[in-house]
Amino acid sequence: MELWEIILYSFTQGVTEFLPISSSAHLFILEHLLNWSVSGRSMAIAAHLGSLLAVCIYLKKDLLKIFCSFYYLKNFKKDNNILLVRNLFLITFPILVVGLLIFKNLDKELLSFNLIAIASIIGAGLLYIVDNNKTEKRNIYSLSVLDSLFIGLFQIFALIPGASRAGTIITAARILKLTRIESAKLGLYSGLPTILGAVILEALWLINNISNNQEIMSIILILLLSFFFAYLSIIFLIKWLKNYTFLPFVIYRISIGIIILFLINI
């Protein structure tokens with residue numbers, strides 16, 4: 001990849017990973033619009049690792065509390081941090097099972113502009129409806145086992161490019177009356193095991209397939225840039241939600257979906 005492609009790829013992945021607008025759909029669209037050669041699994045792994053580091057740095061204080069809770073384990077049934085980890089496992093488990101057993105062989109069927117556009121529009125519509133919930137009052141520590149399983153099952157739709165992993169998590173959380181900021185934070189937390197799992201699965205492949213020093217430098221650059229853009233994106237999202245709604249993201253997703261449908265049908 002050329003330098004400008006690396007910057008654009010990193011920017012797209014970093015900015016869209018934790019916003020409810022679907023990073024996979026944006027990367028798929030860019031690859032077709034710019035006629036990119038296949039960027040390779042190594043580029044995707046580096047970008048995801050950068051995003052993972054960004055959310056770890058942003059949540060560093062909370063993650064330290066979780067670590068301390070396990071280290072000084074006393075009563076896991078009353079420790080909010082340990083219960084949060086349990087809930088994150090329950091949220092992540094469904095998408096891992098379905099992703100590995102069913103959708104692994106459906107990549108070509110899922111990666112179509114029609115499906116991306118429809119998923120983006122429907123996902124945006126659902127987010128708009130539930131974001132108008134006036135009885136919001138819950139936080140991430142109030143989730144029960146059933147709540148977590150509901151969010152996890154809802155997240156399965158994120159396997160469809162355009163549906164958005166962060167978007168499905170936030171939508172499900174808003175249905176359960178979590179506040180906007182708490183819903184966004186749950187999107188960040190749930191990204192940790194999902195992205196980490198993907199990186200671990202691909203790590204051995206990456207080690208065995210790095211061919212030259214130039215590729216290593218490209219991987220490092222993508223990692224650093226993705227980290228930078230993802231971190232700024234997280235800060236922007238949380239600050240935005242302190243005073244505003246998800247409406248701009250809804251409008252953006254609907255607009256993208258309509259534009260795609262128009263372009264592929266003219």
Side-chain angles (χ1 to χ4, degrees), residues 16-25 51 55 59 62 80-81 83-103 110 115-116 118-198 233-234 237-238 240-242 244-254 257:
T16 61
E17 179 63 40
F18 300 107
L19 299 181
I21 56 177
S22 182
S23 60
S24 59
S51 300
V55 74
L59 296 173
D62 294 334
N80 283 335
N81 292 313
L83 292 177
L84 175 61
V85 173
R86 178 204 66 185
N87 291 338
L88 290 176
F89 172 80
L90 294 173
I91 290 171
T92 306
F93 185 71
I95 196 172
L96 291 180
V97 172
V98 176
L100 290 173
L101 297 182
I102 299 177
F103 284 85
L110 292 174
L115 189 56
I116 287 174
I118 293 171
S120 182
I121 293 172
I122 293 176
L126 288 174
L127 179 58
Y128 175 75
I129 292 171
V130 301
D131 193 39
N132 288 308
N133 187 346
K134 303 301 182 182
T135 59
E136 57 178 28
K137 56 183 178 180
R138 301 180 63 189
N139 59 39
I140 56 176
Y141 300 108
S142 68
L143 294 174
S144 67
V145 170
L146 290 179
D147 290 336
S148 301
L149 286 174
F150 169 76
I151 296 172
L153 292 173
F154 207 90
Q155 189 185 196
I156 291 174
F157 292 108
L159 292 168
I160 303 173
S164 171
R165 184 199 62 79
T168 55
I169 291 290
I170 290 170
T171 300
R174 295 291 287 149
I175 291 174
L176 295 173
K177 301 181 181 180
L178 271 71
T179 66
R180 292 189 179 99
I181 290 181
E182 290 294 300
S183 298
K185 285 183 67 176
L186 185 62
L188 298 180
Y189 273 112
S190 63
L192 290 172
T194 304
I195 299 173
L196 179 61
S233 178
I234 293 169
L237 177 62
I238 299 301
W240 175 268
L241 294 178
K242 289 180 179 179
Y244 306 104
T245 71
F246 286 103
L247 183 59
F249 306 106
V250 170
I251 295 174
Y252 176 79
R253 289 180 64 177
I254 292 176

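For this chain, numbers begin at 1 and follow the sequence in order.
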Please identify each residue that fulfils side chain to side chain contact (heavy atoms under 4.5 Å, CB included) with Leu96, with sequence neighbours left out.
Thr92
Results of side-chain hydrogen bond (donor to acceptor under 3.5 Å, both in side chains) for Tyr189 - residues two or more places apart only
Asp62
Which pairs count as salt bridge (Lys or Arg N to Asp or Glu O under 4.0 Å) when at least one residue sits in residues 139-151, sequence neighbours excluded?
Arg138-Asp147
Reported CD1-to-CD1 distance for the pair Ile116 and Ile121, which is rounded to 0.5 angstrom
12.0 Å
Partners of Tyr252 by side-chain hydrogen bond (donor to acceptor under 3.5 Å, both in side chains), sequence neighbours excluded?
His26
Just how far is it from atom CD1 of Ile21 to atom OG of Ser233, taken to the nearest 0.5 Å?
7.5 Å
With sequence neighbours excluded, tell me which residues meet side-chain hydrogen bond (donor to acceptor under 3.5 Å, both in side chains) with Thr171.
none
Working note: Lys137 + Ser142, criterion side chain to side chain contact (heavy atoms under 4.5 Å, CB included); need CA distance, chi angles, decisive distance, verdict.
CA-CA 10 Å; Lys137 56 183 178 180; Ser142 68; over 6 Å; no
Working to the nearest 0.5 Å, report the span between CD of Glu182 and CD1 of Ile140.
5.5 Å
Just jot down the side chain to side chain contact (heavy atoms under 4.5 Å, CB included) partners of Ile122, sequence neighbours excluded, or say none.
Ile118, Leu126
side-chain hydrogen bond (donor to acceptor under 3.5 Å, both in side chains) with Ser23: which residues, sequence neighbours excluded?
Glu17
Dump the intermediate steps for side chain to side chain contact (heavy atoms under 4.5 Å, CB included) on Asn80 and Leu84, then the final yes or no.
CA-CA 6 Å; Asn80 283 335; Leu84 175 61; over 6 Å; no
Holding to side chain to side chain contact (heavy atoms under 4.5 Å, CB included), I want the full list of residues that pass it with Leu241, two or more places apart in sequence or in another chain.
Arg180, Ile181, Ala184, Leu237, Phe246
Taking all non-hydrogen atoms of both residues into account, name the closest pair between Ser144 and Asn87 and its distance.
O-OD1, 4.0 Å
Heavy atoms only: give me the nearest Ile254-Ala124 pair and the separation to one decimal.
CG1-CB, 3.6 Å
Which of Leu59, Leu19, Leu188 passes side chain to side chain contact (heavy atoms under 4.5 Å, CB included) with Ile234? It is Leu188
Tell me which pairs pass salt bridge (Lys or Arg N to Asp or Glu O under 4.0 Å) where either residue lies in residues 167-177, with sequence neighbours left out.
Asp131-Arg174, Glu136-Arg174
Apply ring-ring contact (aromatic ring centres under 6.0 Å, His included) to Phe89 and list each qualifying residue two or more places apart in sequence or on a separate chain.
Phe93
Please confirm whether the backbone N or O of Phe18 pairs with a side-chain atom of Arg165, one donor and one acceptor, at under 3.5 Å?
no
To the nearest 0.5 Å, what is the distance between CD1 (Ile170) and OG (Ser183)?
7.0 Å
Going by the rule side chain to side chain contact (heavy atoms under 4.5 Å, CB included), which residues pair with Ile129 if we only count those two or more places apart in sequence or in a different chain?
none
Mind listing the side-chain donor-acceptor pairs of residues 150-164 below 3.5 Å, one per line with the distance, residues two or more places apart or on another chain?
from   : atom 1 : to     : atom 2 : distance (Å)
Gln155 : NE2    : Ile91  : O      : 3.1
Ser164 : OG     : Ser22  : N      : 3.4
Ser164 : OG     : Gly167 : N      : 2.8

Say you draw a straight line from OG of Ser51 to CG of Leu192; how long is it, rounded to the nearest 0.5 Å?
11.0 Å
